[in-house]
Amino acid sequence: MIGRLNHIAIAVPDLAAASARYRDLLGAQVGPPQALPEHGVTVVFIDTGNSKVELLEPLGADSPIAAFLARSPGGGMHHICFEVPDIRAAAATLAAGGARILGDGTPRTGAHGKPVLFLHPKEFDGTLIELEEV
């Protein structure tokens with residue numbers, strides 16, 4: 001069902017500082033900040049050639065990333081994202097297998113303008129999984 005790894009997401013307390021570290025210390029190509037109010041985050045994507053790293057900063061106090069950073073103030077890995085060819089078919093297969101899809105199970109538009117879903121971390125060894133339709 002899953003295809004290639006699209007990105008690994010890291011929650012950070014300071015997006016500008018984290019972006020500068022990746023750019024200045026690692027020589028990474030860092031994209032511009034992108035506010036995603038529907039998801040409660042501001043993101044920056046770092047191109048690694050074969051995948052991406054997504055840096056996430058809370059956009060408001062109600063952001064799920066704010067809650068994550070309250071538990072882990074220094075930041076850390078938030079989720080991994082895999083590509084799928086048909087997100088609705090993937091959701092149906094996962095639901096039939098007993099996996100919990102977060103929210104109401106309806107795909108939302110993600111940072112790349114494509115439908116995404118998140119799967120409960122308890123289903124995948126403590127790791128939040130995002131699926132993105134390609």
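The figures that follow rest on heavy atoms only: side chains count, while hydrogens, waters and symmetry mates do not. Residue numbers count from 1 along this sequence.
- Minimum heavy-atom separation, Pro13 to Leu69: CA-CD1, 3.8 Å.
- Counting only distance, with no hydrogens or angles, the side chain of Ser63 and the backbone of Gly40 share a donor-acceptor pair below 3.5 Å.
- Within the 4.5 Å cutoff, side-chain heavy atoms of Met1 are placed close to those of Val84.
- To the nearest 0.5 Å, atoms OG1 (Thr42) and CG (Leu59) are separated by 4.0 Å.
- When hydrophobic clusters are built by joining Ile, Leu, Val, Met, Phe, Trp and Tyr residues whose side-chain heavy atoms come closer than 4.5 Å, directly or via intermediates, Met77 is grouped together with Phe82.
- Follow the hydrophobic side-chain contacts under 4.5 Å out from Leu26 and you reach Leu55 in the same cluster.
- Hydrophobic clustering, with ILVMFWY side chains joined whenever heavy atoms are under 4.5 angstrom apart, groups Ile129 together with Leu5.
- With contacts defined as side-chain heavy-atom distances shorter than 4.5 Å, the pair Phe118/His79 qualifies.
- Proximity of a side-chain donor or acceptor of Ser51 to a complementary backbone N or O of Asn6 within less than 3.5 Å is detected.
- Ring pair Phe45/His112 is tilted by interplanar angle, where 30° to 60° counts as tilted.
- With a 4.5 Å cut-off on side-chain heavy atoms, Arg88 and Pro107 count as touching.
- Side-chain N or O atoms of His78 include none that pairs as donor or acceptor with a backbone N or O of Glu54 at under 3.5 Å.
- Between Gly60 and Ala66, the closest heavy-atom pair is O-CB, 4.1 Å.
- For Gln29, the CD atom counts as loosely surrounded, since its 6.0 Å shell holds 12 or fewer non-hydrogen atoms of other residues, nucleotides or ligands.
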Run the salt bridge (charged side-chain N to carboxylate O under 4.0 Å, His left out) check on Arg100 and Glu123 step by step: do they pass?
CA-CA 7 Å; Arg100 288 180 281 176; Glu123 307 295 333; 2.7 Å; yes

Using side chain to side chain donor-acceptor pair (under 3.5 Å), reason through His7 and Glu132 one step at a time and then give a plain yes or no.
CA-CA 10 Å; His7 65 267; Glu132 178 177 286; 5.1 Å; no

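- In this structure, Gly105 and Ile101 approach most closely via the heavy-atom pair CA-CG2, 3.8 Å.
- Once rounded to the nearest 0.5 Å, the distance linking CD of Glu133 with CD1 of Ile87 reads 6.0 Å.
- What you find for Val30 and Ser19 is that their closest heavy atoms are CG2-O, 3.7 Å.
- Counting heavy atoms from C-beta on, the side chains of Tyr22 and Ile10 come closer than 4.5 Å.
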Tell me, with the steps shown, if Thr127 and Asp125 meet side chain to side chain donor-acceptor pair (under 3.5 Å).
CA-CA 6 Å; Thr127 303; Asp125 307 300; over 6 Å; no

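- When the side chains of ILVMFWY residues are joined at heavy-atom separations under 4.5 Å, either directly or via intervening members, Val53 and Leu15 end up in a single hydrophobic cluster.
- Counting only heavy atoms from C-beta outward, the side chains of Val116 and Leu131 never approach each other to under 4.5 Å.
- For the pair Val12 and Leu56, the minimum side-chain heavy-atom distance is 4.5 Å or more.
- Taking the side chain as every heavy atom from C-beta outward, Val41 and Pro58 never approach each other to under 4.5 Å.
- No path of Ile, Leu, Val, Met, Phe, Trp and Tyr side chains, each step under 4.5 Å between heavy atoms, connects Leu128 with Ile65, placing them in separate hydrophobic clusters.
- Contact check for Glu130 versus Leu117: no side-chain heavy atoms found under the 4.5 Å cut-off.
- Atom CG of Asp24 has more than 12 heavy atoms from other residues, nucleotides or ligands within 6.0 Å.
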